[in-house]
Every structure is written in C-alpha cells, then in structure tokens.
Amino acid sequence: MNLVTTMITIAIVISTILAIVSFWLPQMTPDYEKLSPYECGFDPLGSARLPFSLRFFLVAILFLLFDLEIALLLPLPWGDQLPSPLITFSWASAVLALLTLGLVYEWLQGGLEWAE
C-alpha cells in the first residue's frame with residue numbers, strides 16, 4: 001500500500017508543478033492575429049460562400065477512404081489466433097488489393113493531381 005500512496009503523491013506533485021508552470025510560463029503578448037476570431041487565414045468579414053475546388057473534396061474523400069482502410073485492418077494481427085487464420089488474411093489481402101487497384105485507377109485518371 002505504501003508504493004501506491006507514493007505513486008499517487010508523485011503524480012499529484014508533478015501535475016501540480018506542471019499546472020503552475022504552464023500558468024506563469026507563457027508570454028502574455030496578444031497581437032491582432034491572436035485576438036481575431038479566426039486564426040486560419042480567412043478573412044472573417046468576407047463572403048462565407050467562396051467556391052472550393054472540387055479536386056480538394058475528391059482528395060479529402062480519398063484520404064477518408066484510406067483512413068477507413070487502416071481502421072478496418074487494425075484487428076488483423078489478432079487474426080492469427082482464430083481457428084482459420086488463412087481466411088482472415090485472404091480477406092484482408094482482397095481488401096488491400098481492391099483499394100490498391102482503386103488508387104492506381106485514380107492515379108491514372110489524374111484524380112490525385114492538385115494543379116491542372
């Protein structure tokens with residue numbers, strides 16, 4: 001029980017020290033850009049209906065697709081503990097092959113190029 005008490009005390013002391021240091025350490029010199037409601041570079045007083053490039057949305061959708069692929073393949077290392085791991089790896093290989101073919105198709109069609 002003494003070890004647990006020591007670890008909790010150390011954690012509380014370190015977190016308190018970090019909170020105090022983070023309160024006094026930053027420089028408090030706000031400028032016009034930091035005080036503006038938008039720090040992304042867009043003019044907040046302009047029109048909110050500026051047209052975006054369709055290519056931007058296509059690349060964003062492709063990114064989400066491949067990000068979803070990673071999420072689907074995350075449990076793959078635990079597939080070797082199943083009764084038939086060969087089926088799991090063949091399905092994963094089929095998904096990877098299908099997505100690779102889709103990426104090659106998009107690449108050949110010019111869907112990944114930013115400038116025309």
Side-chain angles (χ1 to χ4, degrees):
M1 191 64 165
N2 193 11
L3 180 64
V4 174
T5 308
T6 305
M7 294 301 288
I8 291 175
T9 306
I10 290 173
I12 290 173
V13 168
I14 289 177
S15 61
T16 305
I17 290 172
L18 288 176
I20 291 171
V21 167
S22 69
F23 182 70
W24 278 302
L25 188 64
Q27 297 176 356
M28 299 294 185
T29 55
D31 58 351
Y32 177 73
E33 293 296 324
K34 289 290 184 182
L35 294 176
S36 69
Y38 301 103
E39 294 183 22
C40 60
F42 290 110
D43 185 18
L45 302 176
S47 174
R49 306 216 183 271
L50 294 174
F52 283 101
S53 172
L54 183 62
R55 198 167 300 276
F56 171 77
F57 288 112
L58 288 175
V59 172
I61 289 173
L62 284 173
F63 173 76
L64 288 175
L65 178 73
F66 284 101
D67 201 31
L68 180 65
E69 168 204 354
I70 298 297
L72 289 175
L73 294 176
L74 275 176
L76 188 60
W78 290 277
D80 63 346
Q81 299 173 2
L82 293 174
S84 58
L86 187 60
I87 294 174
T88 305
F89 290 126
S90 62
W91 277 109
S93 299
V95 168
L96 281 174
L98 183 66
L99 286 172
T100 304
L101 287 174
L103 178 65
V104 168
Y105 176 76
E106 284 292 326
W107 196 331
L108 292 177
Q109 293 296 320
L112 298 177
E113 296 179 12
W114 285 102
E116 296 180 21

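As the structure is a prediction and not an experimental result, all values here were calculated from the model. Just so you know, these numbers use all the heavy atoms, side chains as well, and skip hydrogens, waters and symmetry mates.
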With a cut-off of 3.5 Å and sequence neighbours excluded, list every side-chain donor-acceptor pair involving residues 88-95.
residue: S90; atom: OG; partner: L86; partner atom: O; Å: 3.2
residue: S90; atom: OG; partner: I87; partner atom: O; Å: 2.7
residue: S93; atom: OG; partner: F89; partner atom: O; Å: 2.8

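- When hydrophobic residues (I, L, V, M, F, W, Y) are linked wherever their side-chain heavy atoms come within less than 4.5 Å, the members clustered with L108 are V104.
- Distance CD/E69 to OG1/T100: 7.0 Å, rounded to 0.5 Å.
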Side chains of residues 10-17: which donor-acceptor partners sit under 3.5 Å, not counting sequence neighbours?
residue: S15; atom: OG; partner: A11; partner atom: O; Å: 3.0
residue: S15; atom: OG; partner: I12; partner atom: O; Å: 3.0
residue: T16; atom: OG1; partner: I12; partner atom: O; Å: 2.7

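- Through direct or indirect side-chain contacts shorter than 4.5 Å among Ile, Leu, Val, Met, Phe, Trp and Tyr, L96 is connected to L73.
- L74 belongs to no hydrophobic cluster with other residues, because no ILVMFWY side-chain heavy atom falls under 4.5 Å from its own, directly or through intermediates.
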Step by step, would you call L68 with L64 a side chain to side chain contact (heavy atoms under 4.5 Å, CB included)?
CA-CA 6 Å; L68 180 65; L64 288 175; over 6 Å; no

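- Here the straight-line distance linking atom CD1 of I8 with atom CG of L3 works out to 10.0 Å at 0.5 Å rounding.
- Residues satisfying the side-chain contact (heavy atoms from CB on, under 4.5 Å) test with L103, not counting sequence neighbours, are F66, L112.
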